[in-house]
S.K.: 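Mind looking over this structure? Questions follow.
One-based numbering, in listed order, for ligands and for the atoms of each. No hydrogens, no waters, no symmetry mates; every other heavy atom, side chains included, goes into these values. Index from 1, following the sequence.
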Amino acid sequence: MIVVPGPSAPKVGERVAQIIGAKKVGVDYKNFPDGESYIRLTEGVKGEEVVLVHTTYPQPDKRVLELLLLIDTLKDLGAIKVKVVVPYMAYSRQDTRFRDGEAVSINTIFRLIEAAGADEFYTVDIHKEFSLGAFKIKTKNLYATEVIADHLKGMGLHEPYILSPDKGALDIARRIGEMLGAEYGNLEKARDRITGAITVKGDGVDARGRDVVITDDLISTGGTIANACKILKDGGARRVIAVCSHPLLVAGAYERMKGAGLDEVLGTDTVDSEVSKISVAPLIAKEFR
Ligand code: R5P
């Protein structure tokens with residue numbers, strides 16, 4: 001088995017190769033002046049079973065295209081199996097036709113990944129697991145909660161309360177809460193489908209004097225976390241920490257959350273960011289030992 005760390009966030013792929021003790025094959029990549037992507041495998045892969053680790057952020061459109069080029073090229077060059085690992089799967093929030101006429105983007109992308117020649121597909125904390133149903137090949141969603149909970153255990157939290165910003169992500173808070181032996185629950189979030197504006201309510205949540213950990217699958221603009229944090233700080237929380245699997249942190253997100261009183265933000269390395277302090281590489285490596 002060989003590991004190919006894709007050009008986006010290659011560190012995770014490299015760590016996976018190291019942990020499982022597999023040979024690593026590199027990828028040369030560049031952009032042509034007109035913006036087109038170029039990729040080239042630096043060694044042969046004929047007859048090999050390949051684990052391709054390639055994430056899809058930043059520049060999700062470009063990363064998705066690179067992923068398709070890589071899968072197809074690996075197969076074309078004779079790899080016998082391509083096991084695709086996408087630690088952060090972009091477009092997974094558009095898993096439903098919320099408004100008439102919309103693209104169900106994640107279905108389109110999954111069909112393309114399969115058509116390109118993927119034999120198996122793995123991802124971490126996909127927005128909603130049901131979207132993996134668009135594939136016919138073997139798929140698996142890995143839960144980062146295990147590595148996140150381990151990290152939180154070392155933080156000396158005071159009367160921790162693990163909260164999801166909405167019901168949709170309650171499962172993440174529940175899993176972490178159970179691993180820490182801490183109380184867990186959820187706030188109520190609503191998002192305007194046209195303007196994107198977010199409102200968060202904290203009815204029935206008593207965070208007074210406690211360290212609250214807000215858990216979510218991803219942080220993009222930081223609006224969800226900032227709204228939640230404000231409610232919790234107004235309600236007397238001692239410390240508010242946000243932790244997510246995918247710290248996209250678009251421009252201004254960090255400042256928005258800090259401005260709302262957030263004490264700390266943590267994420268995993270499914271995407272590279274200044275807060276990607278928790279590695280999912282051991283989690284991924286377990287699948288291929
Ligand atoms: C949405 O349902 C997701 O789980 C996140 O809560 C959301 O995408 C975060 O986005 P933002 O950081 O822009 O509020």
Side-chain angles (χ1 to χ4, degrees), residues 55-60 63 86-99 102-107 109 123-132 141-145 148 162-177 184-202 205 212-233 240-268 270-276 278 280:
T55 204
T56 53
Y57 191 82
Q59 297 182 282
R63 297 312 182 190
V86 183
Y88 165 65
M89 188 62 240
Y91 286 97
S92 58
R93 281 173 291 175
Q94 189 64 28
D95 55 19
T96 301
R97 185 160 290 124
F98 299 103
R99 300 178 66 210
E102 280 183 351
V104 184
S105 315
I106 196 64
N107 287 354
I109 290 168
T123 190
V124 178
D125 285 340
I126 189 154
H127 187 60
K128 291 274 160 45
E129 280 193 54
F130 75 79
S131 53
L132 291 171
N141 181 43
L142 310 175
Y143 301 120
T145 38
I148 290 174
I162 317 298
L163 276 181
S164 160
D166 56 23
K167 270 208 186 86
L170 178 59
D171 253 8
I172 301 178
R174 179 185 55 74
R175 282 196 297 270
I176 294 178
Y184 61 87
N186 67 280
L187 301 162
E188 294 287 348
K189 177 176 92 173
R191 186 188 286 272
D192 185 312
R193 286 271 161 219
I194 298 170
T195 64
I198 296 161
T199 47
V200 180
K201 288 188 192 153
V205 169
V212 181
V213 181
I214 312 172
T215 59
D216 211 347
D217 57 338
L218 65 89
I219 300 176
S220 177
T221 65
T224 300
I225 298 295
N227 276 283
C229 178
K230 193 158 180 329
I231 287 171
L232 296 164
K233 279 285 168 97
V240 180
I241 296 151
V243 63
C244 68
S245 310
H246 316 299
L248 308 187
L249 302 185
V250 303
Y254 191 77
E255 294 69 24
R256 185 170 294 115
M257 294 187 287
K258 282 282 172 186
L262 192 73
D263 294 283
E264 192 168 347
V265 54
L266 288 166
T268 80
T270 61
V271 299
D272 245 345
S273 82
E274 66 209 87
V275 305
S276 300
I278 305 167
V280 294

S.K.: Polar-atom distance check: G222 versus ligand 1, any N or O pair below 3.5 Å?
M.R.: yes
S.K.: I'd like to know if the side chain of T123 and the backbone of N141 have a donor-acceptor N/O pair within less than 3.5 Å.
M.R.: no
S.K.: What do the steps show when you test V104 against R97 for side-chain contact (heavy atoms from CB on, under 4.5 Å), and what is the final call?
M.R.: CA-CA 6 Å; V104 184; R97 185 160 290 124; 3.8 Å; yes
S.K.: Looking at D217, which atoms of ligand 1 are within less than 4.0 Å of one of its heavy atoms?
M.R.: 3 (C), 4 (O), 5 (C)
S.K.: For R93, counting its heavy atoms only, list the atoms of ligand 1 lying under 4.0 Å from any of them.
M.R.: 8 (O)
S.K.: Do me a favour and list the nearest non-hydrogen protein atom to atom 13 (O) of ligand 1 with residue, atom name and distance?
M.R.: T221 OG1, 2.5 Å
S.K.: Answer yes or no: is there an ion pair linking K233 with D263, defined by an N-O contact shorter than 4.0 Å?
M.R.: yes
S.K.: With a 4.5 Å cut-off on side-chain heavy atoms, are L163 and Y184 touching?
M.R.: no
S.K.: Within the 4.0 Å heavy-atom shell around K189, which atoms of ligand 1 are there?
M.R.: 1 (C), 2 (O), 5 (C), 6 (O), 7 (C)
S.K.: For atom 14 (O) of ligand 1, what's the nearest protein heavy atom and its distance?
M.R.: T224 OG1, 2.5 Å
S.K.: So do R93 and L218 actually touch side chain to side chain, heavy atoms under 4.5 Å?
M.R.: yes
S.K.: Quick one: does G168 get a heavy atom under 4.0 Å from ligand 1?
M.R.: no
S.K.: For ligand 1, note which part of D216 has a heavy atom under 4.0 Å away: side chain, backbone, both or neither.
M.R.: side chain
S.K.: At under 4.0 Å between heavy atoms, which part of L218 makes contact with ligand 1: side chain, backbone, both or neither?
M.R.: both
S.K.: Go through the steps for Y88 and T268 under the test side-chain contact (heavy atoms from CB on, under 4.5 Å), then give the verdict.
M.R.: CA-CA 10 Å; Y88 165 65; T268 80; over 6 Å; no
S.K.: Taking only heavy atoms of G223, which atoms of ligand 1 are found under 4.0 Å from at least one of them?
M.R.: 12 (O), 14 (O)
S.K.: Which of the atoms of ligand 1 are close to H127, meaning less than 4.0 Å from one of its heavy atoms?
M.R.: 1 (C), 2 (O), 3 (C), 4 (O)
S.K.: Please report which non-hydrogen protein atom sits nearest to atom 10 (O) of ligand 1, along with the residue it belongs to and the distance in Å to one decimal place.
M.R.: R191 NH2, 3.5 Å
S.K.: Got I126 and S131 here, is their nearest side-chain heavy-atom distance under 4.5 Å?
M.R.: yes
S.K.: So does K230 have more than 12 non-hydrogen atoms from other groups sitting under 6.0 Å from NZ?
M.R.: no
